[in-house]
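All values reported here derive from a predicted model rather than from experimental measurement.
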Amino acid sequence: MKVLAITLAKKDWVTGVWTFLEITRKALEAEGIQYVIPDHWLNHREPRRPLRAIVKALSWFAGTPYEIDMRRRLTGPALAGITRRLSRFHNPDVLHIQGSLAAGLILDFLRAERVPWVLHLHSVDSELIRAEGIPPDHPLVIFSDHLLRKSIREAPVTCAVSHNLRDRIAALGIDVSRVRVVHNPIIVPELPDVPRTGPYIFLSARLTPWKGVDLAISAWERVEKELPEVFLYIAGSGPEEPSLRNLIKERDLKRVVFLGMLSWEEAMSWASKALLVLNPSVPRGGARESLPFSVLEGMALGVPVISSDTGGAKEALGDAGILIPPFDTEAMADAMIRLIKDEALRRELGQKGIRRAKEVFGPELYARRMRDAFASAIGSL
């Protein structure tokens, strides 16, 4: 069986989807399924800037709905053309389409070509849009939910990465009776060397408000005072980086280090040597992590995890780490100090994490479920 992945995710800022695709490739190819991950121009930000500027200028005169229609008319045919060319070149048995935006924009192509396809949902796009400060009644939010509803209705097979995500989709009034929950797999790759350093806590996230990195820095202030020998290492980049650096300067924190963008393997290597992995995500603007990769990575590496109890974090972590209330910086600081001081607890949670990663998020289980999903899509035509 040959599977072709299709995504609109930008390589330079939606790293979670690309990590997922790479792990999926490793998991499926180990089971004899050929998995192709193409890299087309829509996956990169640079070529789109002139076009985006023209669309924004036109929409300034005509209004937001016009901008949405322009994007649909421009991006949809572009992605459909790319998908058509890739399909003819690779001749796959089935398409694996990431997200309702990509699927919704090329539904006409999928209908006309009668291509077997599986829709894979990682998030609710309208939540991410609202997390940027856009109100719920904005046309872009409404259009996003429209594409989600339409793509689920027409997909031969739909997979969601967690029960939490499926429940959030159902809360929008969308029929999820045919949506399968297929948890993301986790694999520990060959880890590159990282610089030797003192003891540290590791946080890997895109630097956006709903990732809660500002809350982690606020909680860190007390940790640094009590345990000055420990560092907080932050991997990732994003629009919040300048304000986060200013926050560190205002609090006069000396032990917070930004590592910048790391590859998946580099991030895993840094996490493997940490005292603990921190996932401080919060439901700002309605956005929630459906199944946080940083939690899965920590468990697979045997590193204890502290996570905000939001979205699919509890579903991912189970009893293999410490869950804290979202936005509670005192609870976050307490949990970090407790784990740093208690080596036995770190060891116990690390072992639980390894077992849970194998039993619930093992690549063999994922590959079996996806093989069944692909076969169902092929058989539906």
Side-chain angles (χ1 to χ4, degrees), residues 1-9 17-18 20-40 42-43 72 75-125 144 146-162 165-166 169 174-185 290-291 363-381:
M1 183 186 293
K2 181 188 281 189
V3 182
L4 176 65
I6 300 295
T7 180
L8 275 173
V17 172
W18 286 92
F20 166 82
L21 292 175
E22 183 59 28
I23 295 175
T24 290
R25 184 184 64 78
K26 291 177 181 291
L28 295 184
E29 289 188 351
E31 299 297 319
I33 300 173
Q34 187 177 353
Y35 194 76
V36 181
I37 309 174
D39 182 10
H40 52 77
L42 284 172
N43 295 144
R72 178 179 63 81
T75 306
L79 183 62
I82 289 169
T83 306
R84 181 180 291 106
R85 288 193 297 274
L86 290 171
S87 296
R88 289 174 178 172
F89 181 79
H90 293 286
N91 193 27
D93 297 297
V94 61
L95 301 180
H96 190 199
I97 303 180
Q98 310 304 309
S100 57
L101 176 59
L105 289 174
I106 61 171
L107 280 176
D108 289 342
F109 160 79
L110 295 170
R111 288 193 210 102
E113 298 289 329
R114 291 187 57 79
V115 181
W117 60 287
V118 172
L119 171 64
H120 212 121
L121 299 173
H122 304 266
S123 61
V124 178
D125 288 339
S144 174
H146 168 71
L147 288 185
L148 177 62
R149 181 177 289 103
K150 196 173 181 180
S151 60
I152 289 176
R153 185 174 62 246
E154 298 207 20
V157 178
T158 300
C159 299
V161 300
S162 67
L165 176 58
R166 188 172 66 177
I169 295 170
I174 297 173
D175 180 12
V176 296
S177 59
R178 294 172 51 246
V179 176
R180 310 180 181 196
V181 173
V182 181
H183 290 129
N184 290 340
S290 301
L291 199 74
E364 299 85 3
L365 175 61
Y366 172 80
R368 287 199 300 272
R369 289 175 174 171
M370 290 310 301
R371 182 189 289 275
D372 182 57
F374 296 142
S376 296
I378 293 169
S380 68
L381 294 183

Indicate the atoms forming the closest heavy-atom contact of [X] with [Y], along with that distance.
| X | Y | result |
| --- | --- | --- |
| S290 | V161 | CB-CG2, 3.6 Å |
| C159 | V182 | SG-CG2, 3.9 Å |
| N91 | K2 | O-CD, 4.0 Å |
| W117 | S151 | CH2-O, 3.8 Å |
| A160 | V179 | CB-CG1, 3.7 Å |
| A80 | I106 | N-CG2, 3.5 Å |

Rounded to the nearest 0.5 Å, what separates atom [atom1] in [X] from atom [atom2] in [Y]?
| X | Y | atom1 | atom2 | value |
| --- | --- | --- | --- | --- |
| D39 | W18 | CG | CH2 | 4.5 Å |
| M1 | I33 | CE | CD1 | 5.5 Å |
| I169 | S100 | CD1 | OG | 8.0 Å |
| Q98 | I37 | CD | CD1 | 9.0 Å |
| L107 | L147 | CG | CG | 8.0 Å |
| K150 | I174 | NZ | CD1 | 13.5 Å |

I'd like to check [X] versus [Y] (side-chain heavy atoms, cut-off strictly below 4.5 Å). Are they in contact?
| X | Y | value |
| --- | --- | --- |
| T158 | L121 | yes |
| D125 | L148 | no |
| L119 | I152 | yes |
| I6 | L86 | yes |

Return a table of donor-acceptor pairs under 3.5 angstrom between the side chains of residues 365-381 and protein atoms on other chains or two or more places apart.
from: Y366; atom 1: OH; to: T24; atom 2: OG1; distance (Å): 2.9
from: R371; atom 1: NH2; to: E31; atom 2: O; distance (Å): 2.6
from: D372; atom 1: OD2; to: R180; atom 2: NH1; distance (Å): 2.9
from: S376; atom 1: OG; to: R180; atom 2: NH2; distance (Å): 3.0
from: S376; atom 1: OG; to: D372; atom 2: O; distance (Å): 2.9
from: S380; atom 1: OG; to: A377; atom 2: O; distance (Å): 2.6

Exercise for review: Using the salt bridge (Lys or Arg N to Asp or Glu O under 4.0 Å) rule, collect all pairs that involve residues 77-105, keeping only residues at least two apart or in two chains.
Suggested key: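 For residues 77-105: R84-E113.
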Check your understanding: Who are the salt bridge (Lys or Arg N to Asp or Glu O under 4.0 Å) partners of R111, not counting sequence neighbours?
Key ->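 R111 satisfies salt bridge (Lys or Arg N to Asp or Glu O under 4.0 Å) with D108, E154 once adjacent residues are dropped.
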Point to revise | I97/T83 under side chain to side chain contact (heavy atoms under 4.5 Å, CB included): CA gap, chis, key distance, verdict | key: CA-CA 10 Å; I97 303 180; T83 306; over 6 Å; no
Practice item. Check step by step if side chain to side chain contact (heavy atoms under 4.5 Å, CB included) holds for L79 and H40. Key: CA-CA 9 Å; L79 183 62; H40 52 77; 4.1 Å; yes
